[in-house]
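Structure, as structure tokens:
Please read all numbers here as calculations on a predicted model, not as lab measurements. Note that these values count all heavy atoms, side chains included, but never hydrogens, waters or copies made by symmetry.
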Amino acid sequence: MSLEIFKNANNNVLFTGGGNVLKRPYDFGKSFKPIANEYIKISGLNISQYINMYSWMQHINPNNGNTYAWFNFRNTNNDNYCLNTWAYSTGYNGLNKNKATTGGSGNIGTYVGNYSSKYLVSNIFREDNTVTLKKDLINKINKTSTQTNDYAYDEIWLGAGRTSNGLTPNIYAYQTGFIQNRFALFSRELTIDELRYFFNNKSGNDFLSTTSILIDLRCNIAEILDFSSLQDSSDMRVGVRDYSGYNRHGQIMKLPAGILQEQLDYANTNLFVPSLS
């Protein structure tokens, strides 16, 4: 994936004082903000590797005492692992298996997996100690162990979750002002230098390296995309594009009935808003 670099009027590449190429900050553009129970579903994954998630999020309204799902990882056993906020919690309640809350104050990094064998850990970058999520935080989830009784990840939902085993979400993040932009999944952990570069003092950069990337959604515009395994245009839906090269696009769920163009127009008119600075 190429990075956009700064050049002067003579088309010469500009460098920092340390001799590094000066690259433009990541352009957040618009971000996905559901207005009802819409969410983004990435399906058909069958991912069994270690996973590390890096995501730019915003949370523009305070929690009002209810549970809201940020991310849901579902495996092939239909177990759901939901990263969520809970009523006036002091932080995340971490990832919980087949339930929405753990009760009490939140914690970062909790059990996730089958028979105590699989873990997801979230490390949160934030500008202060409040629980308000903004564009300037990166959520990182790392699966740190696997066993023979693990199940592969089948689906990921952005902005939705489920409190028990099953296929259909029943908790959503839209009421909190959930805003989702970049969502990336790697089968390796980014180095601290890569993280600092990606963070870039809250401005964001593209990744220094996309080696071992599994998913790369830029949730800033809806498109009519090909979701077929053969990429033969046999399964066209409205969603957000995956730039990883694997065509793991995210489908926008719960759009109004209509032809694809009508759903596309609705999504781009209503579900994408300017990212906050």
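- Between F73 and F71, the distance from one ring center to the other does not fall under 6.0 angstrom.
- Between the side chain of D216 and the main chain of D242, no donor-acceptor pair closer than 3.5 Å is present.
- Taken from CG in L264 to CG in L255, the straight-line distance is 9.5 Å, to the nearest 0.5 Å.
- Hydrophobic clustering (ILVMFWY, side-chain heavy atoms < 4.5 Å, transitive): V240 and L260 are in one cluster.
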Under the criterion side chain to side chain donor-acceptor pair (under 3.5 Å), I'd like the reasoning laid out for S55 against Q180: C-alpha separation, chi angles, the key distance, then a yes or no. CA-CA 8 Å; S55 180; Q180 174 79 45; 2.5 Å; yes
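- R182 and D27 are not joined by a salt bridge, as no carboxylate oxygen comes within less than 4.0 angstrom of a charged side-chain nitrogen.
- Closest of all the heavy-atom pairs between G166 and R74 is O-CD, 3.4 Å.
- With respect to the salt-bridge test (charged N to carboxylate O, under 4.0 angstrom), the residues K254 and E38 do not qualify.
- Contact of the I156 side chain with the L185 side chain is registered, since non-hydrogen atoms from C-beta on lie closer than 4.5 Å.
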Residue pair T269, D265: steps toward the side chain to side chain donor-acceptor pair (under 3.5 Å) verdict: CA-CA 6 Å; T269 299; D265 293 342; over 6 Å; no
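- Judged by distance alone, the side chains of S228 and D235 never bring a donor and an acceptor atom under 3.5 Å apart.
- Residues R188 and T211 have side chains in contact (heavy-atom distance under 4.5 Å, counting atoms from C-beta outward).
- When hydrophobic clusters are built by joining Ile, Leu, Val, Met, Phe, Trp and Tyr residues whose side-chain heavy atoms come closer than 4.5 Å, directly or via intermediates, I215 is grouped together with V238.
- For the pair N46 (side chain) and Y153 (backbone), a donor-acceptor distance under 3.5 Å is absent.
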Stepwise, does the side chain to side chain donor-acceptor pair (under 3.5 Å) test hold for N165 with N78? CA-CA 5 Å; N165 292 49; N78 290 338; over 6 Å; no
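- Note on F183: it does not cluster hydrophobically with F227, by side-chain heavy-atom contacts below 4.5 Å among ILVMFWY residues.
- Considering all non-hydrogen atoms of both residues, N80 and S164 come closest at ND2-O, 3.0 Å.
- At distances below 3.5 Å, at least one donor-acceptor pair connects side-chain atoms of N181 with backbone N or O atoms of K30.
- Closest heavy-atom contact between N205 and P25: OD1-CA, 3.3 Å.
- Y39 places a side-chain heavy atom less than 4.5 Å from the side chain of P169.
- Q263 CD to N268 CG: the interatomic distance, rounded to the nearest 0.5 Å, is 12.0 Å.
- No side-chain heavy atom of F28 sits under 4.5 Å from any side-chain heavy atom of N220.
- The shortest heavy-atom contact between Y174 and P34 is CB-O, 3.5 Å.
- Between E155 and R162 there is no salt bridge, since none of the side-chain N atoms of the basic residue sits less than 4.0 Å from a carboxylate O of the acidic one.
- If you chain together hydrophobic residues whose side chains sit under 4.5 Å apart, I224 and I42 fall into the same group.
- Separation of atoms CG (D154) and CD1 (I47) is listed at 9.5 Å; rounding is to 0.5 Å.
- Put simply, NZ on K41 and CG on L167 are 8.5 Å apart, with the number rounded to the nearest 0.5 Å.
- Close placement of the F198 and W56 rings is indicated, their centers lying within 6.0 Å of each other.
- Note that CZ of R248 is 11.0 Å distant from OG of S43, once rounded to the nearest 0.5 Å.
- Within the cation-pi definition used here (under 6.0 Å to the ring centroid, within 45° of the axis), R218 qualifies as a partner of Y243.
- Paired with E223 under the rule side-chain hydrogen bond (donor to acceptor under 3.5 Å, both in side chains), one option of H249, R237, R241 passes, and it is R241.
- F272 has its side chain within reach of I252: a pair of non-hydrogen atoms, C-beta onward, lies under 4.5 Å apart.
- Closest heavy-atom contact between Y26 and D206: CB-N, 4.2 Å.
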Under the side chain to side chain donor-acceptor pair (under 3.5 Å) rule, what do N77 and N75 come out as? Steps first, then yes or no, please. CA-CA 5 Å; N77 194 48; N75 66 22; 5.0 Å; no
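- Under a hydrophobic-cluster definition in which Ile, Leu, Val, Met, Phe, Trp and Tyr are linked whenever side-chain heavy atoms come within less than 4.5 Å, directly or via other members, L158 and Y246 are assigned to different clusters.
- A distance of 9.5 Å separates CD1 of I213 from OG of S187, quoted to the nearest 0.5 Å.
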